[in-house]
Structures are given as C-alpha cells and as structure tokens.
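Accompanying notes for the structure given below.
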Amino acid sequence: MYNLKAVGNQRWKLGAIAGSLVIFFGVSYFLRQMITMTDHGIVTFGYAAARLILAVVLGLIMAYFFKTVRITSPGSIGYQRPIRIWLALILFFFISILSLKLHVIFSMGLTPVQLFNIALIALSAGIFEETLCRGLLFSFFLGIFQSKNQSLLWTATASSLVFGLLHLSHLFNGQSVQTTLQQVFYAFVIGMAFSAIRISTNGIWVGLVIHSLIDFDPTITAQMQGDGSWAADLIIFTPLLIIALLYLVKVNTLINHHRGIGLNSVL
C-alpha cells in the first residue's frame with residue numbers, strides 16, 4: 001500500500017518559494033554586474049562558481065521547508081509493470097538527447113578548463129531548478145492536490161507550469177517573444193517528464209543529474225538568437241508530453257489500486 005505525503009507548513013513553503021525566487025534573480029543580476037560572465041563566449045570560472053554557491057545555499061534553505069524528498073511511503077514506486085514502459089520511454093528520450101548533445105560538445109575542441117566551467121554552471125542550474133520545482137514546488141502543490149483522484153497529475157502539471165513560466169525571465173534580457181514562448185513550452189514538457197522520474201525514484205537526485213547534463217552547454221548563459229521552429233518543437237516534445245501524461249495517469253491508478261487493497265485488508 002502506497003501513501004502520498006506532503007511534509008511541512010504550506011504557508012512557510014509558499015513564502016520560501018517566493019523568497020528563493022526573489023533572492024535568486026536579485027543575486028544573479030548583481031553577479032552579472034560585478035563578475036565577467038563569459039570569456040570568448042564561454043562562461044568564466046568566477047561567475048560559474050558564484051552561481052553554484054548561490055544554488056547550493058538556496059537549495060539547502062528550500063530543503064529545510066519541504067523537509068524530505070520522499071513523497072510516497074513506505075517506499076518508492078520504482079519501475080512496476082503498469083508504468084515501466086512509459087518510464088523507459090522517458091529515459092530513452094533523455095539518453096538519446098544527451099548522447100547527441102554531448103557528442104557535439106566534445107567535438108568542439110573546448111579546453112578542460114572551459115568544460116569544467118560549463119559543468120559548474122550546469123550543475124548550479126540543476127541544483128536550483130530541481131530543488132525548487134521538483135522539491136519545494138512539488139511538495140507545495142501535492143499539499144494542495146493530495147485529496148484529488150489524480151493528485152500526482154495535478155501536482156506535476158502545476159509545478160511544471162511554474163518551471164516553464166520561469167523562462168519568461170529571458171524576455172528581460174532581450175530574447176524574442178517567440179523564442180521565449182517556445183522555451184516555456186518545452187520546459188513545461190521536460191518538467192512533466194522530470195516529475196515522472198521524481199515520482200518513481202521517490203527523490204530529486206536522478207532528475208538533478210539529468211537536468212545538469214541537459215544544461216551542459218557552452219551557450220547556457222547566452223540568450224537564444226532569432227526564432228526557432230514551432231513545428232520542430234512540437235514534433236520533438238509532443239510525444240514526450242503524451243508519454244509523461246500516460247505515466248502520470250497510470251501511476252495515480254497504481255497508487256489508488258494499492259490504497260484500495262490496503263483499505264480492503266483493514267476492513
């Protein structure tokens with residue numbers, strides 16, 4: 001029998017969400033003014049290290065408010081039959097994307113120092129965004145939707161929507177509206193997939209590693225130039241969204257089934 005749990009005071013979690021965002025964007029703006037961000041188009045060590053320290057500090061503060069990364073008890077959902085195929089497809093998507101991306105990056109002839117700096121800034125993004133979105137926000141929304149029949153679907157959708165909307169901040173750095181809206185869309189979809197991984201592993205660490213690898217990109221600190229293709233984004237990310245939705249429906253059904261078995265055994 002699986003039980004969902006959202007630990008911590010909801011009001012304090014909401015305050016921590018707002019406070020973390022204000023501090024993150026405020027300090028990030030200050031760092032951009034005080035420290036040279038890039039050298040020959042690659043993030044500098046000083047800026048990357050400062051962002052990593054900021055992410056770790058805020059991550060620890062946020063973790064204090066949601067108390068635990070575990071949302072199911074007595075253990076993790078894992079890779080049971082009803083959800084196994086959908087989770088495998090999600091992991092296959094990320095492995096395929098990462099394989100192509102890392103092959104391109106390591107063929108660019110970057111120095112070890114440049115690669116290290118990119119890794120630092122990517123890790124900072126993974127730590128902050130996963131702790132915020134799949135940690136604090138997920139816990140907060142689970143506290144709201146816990147009594148609903150499709151509680152995990154609602155929770156994943158709400159937290160992923162916030163994750164996507166956070167990318168609207170790129171508008172303030174001169175990025176075009178179309179490109180930014182495309183980022184909002186595919187960040188939302190990726191957030192849904194990360195939520196599936198977060199539920200099955202009963203933690204944020206696997207998602208944090210994958211997120212950091214996805215952000216391992218020489219252009220991570222640069223704004224995207226020009227407008228991308230909506231058609232390409234829809235072709236790539238719509239199947240992932242459908243798979244993530246199927247996973248979330250199935251995992252809710254699985255949990256409700258186990259609840260029913262547990263209730264019948266008590267009666």
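All values below were derived from every heavy atom in this structure, side-chain atoms included, with hydrogens, water molecules and symmetry-related copies excluded.
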Using a 3.5 Å cut-off and no angle test, enumerate the donor-acceptor pairs between side-chain atoms of residues 15-22 and protein atoms at least two apart in sequence or in another chain.
from  : atom 1 : to    : atom 2 : distance (Å)
Ser20 : OG     : Ala16 : O      : 2.7

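- The shortest heavy-atom contact between Gly164 and Ala187 is CA-CB, 3.9 Å.
- Across all non-hydrogen atoms, the minimal contact from Leu153 to Thr157 is O-OG1, 2.7 Å.
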Q: Any chance you could lay out the side-chain contact (heavy atoms from CB on, under 4.5 Å) test for Leu4 and Ile255, step after step, and finish with the verdict?
A: CA-CA 9 Å; Leu4 297 176; Ile255 290 175; 3.8 Å; yes
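- With hydrogens and angles disregarded, no donor-acceptor distance shorter than 3.5 Å links the side chain of Arg134 to the backbone of Val69.
- Taking CD1 from Ile90 and CD1 from Ile95, the interatomic distance works out to 12.0 Å, rounded to the nearest 0.5 Å.
- One N or O on the side chain of Asn202 and one on the backbone of Ile71 form a donor-acceptor pair closer than 3.5 Å.
- Phe94 and Phe194 have their aromatic ring centers within a separation under 6.0 angstrom.
- From Thr155, atom OG1 reaches atom CZ of Phe138 across 5.5 Å, with rounding to the nearest 0.5 Å.
- Using a 4.5 Å heavy-atom threshold, the side chains of Trp205 and Val209 count as separate.
- Remark: side-chain polar atoms of Gln10 are paired, donor with acceptor, to backbone N or O of Phe140 under 3.5 angstrom.
- Residues that satisfy the side-chain hydrogen bond (donor to acceptor under 3.5 Å, both in side chains) test with Thr44, not counting sequence neighbours, are absent from this structure.
- Under the side-chain hydrogen bond (donor to acceptor under 3.5 Å, both in side chains) criterion, Asp233 pairs with Gln182, not counting sequence neighbours.
- Taking CG from Leu142 and NZ from Lys148, the interatomic distance works out to 13.0 Å, rounded to the nearest 0.5 Å.
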(Q) As a quick check of understanding, evaluate side-chain hydrogen bond (donor to acceptor under 3.5 Å, both in side chains) for Ser151 and Gln146, giving each step before the final call. (A) CA-CA 5 Å; Ser151 55; Gln146 193 168 7; over 6 Å; no
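- Distance check, rounded to the nearest 0.5 Å: NZ of Lys13 to OH of Tyr64 gives 13.0 Å.
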Q. Could you walk me through whether Asn149 and Asn256 pass the side-chain hydrogen bond (donor to acceptor under 3.5 Å, both in side chains) check?
A. CA-CA 8 Å; Asn149 186 46; Asn256 292 336; 3.0 Å; yes
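- When the side-chain hydrogen bond (donor to acceptor under 3.5 Å, both in side chains) test is applied to Lys250, no partner is found at least two apart in sequence or on another chain.
- A centroid separation of 6.0 Å or more is found between the aromatic rings of Phe163 and Phe188.
- Summarising the geometry of Leu110 relative to Ile42, their closest heavy-atom pair is CD2-CD1, 4.1 Å, with the distance given to 0.1 Å.
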Q) Going through the distances and angles, do Thr179 and Ser176 end up as a side-chain hydrogen bond (donor to acceptor under 3.5 Å, both in side chains)? A) CA-CA 5 Å; Thr179 298; Ser176 73; 2.9 Å; yes
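- Applying the side-chain hydrogen bond (donor to acceptor under 3.5 Å, both in side chains) rule to pairs touching residues 48-60 yields Tyr47-Arg51, sequence neighbours excluded.
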Considering only distance and modelled atom types, tabulate donor-acceptor pairs under 3.5 Å from the side chains of residues 236-249, sequence neighbours left out.
from   : atom 1 : to     : atom 2 : distance (Å)
Thr238 : OG1    : Leu234 : O      : 2.7
Tyr247 : OH     : Ala196 : O      : 3.2
Tyr247 : OH     : Ser200 : N      : 3.4
Tyr247 : OH     : Ser200 : OG     : 2.7

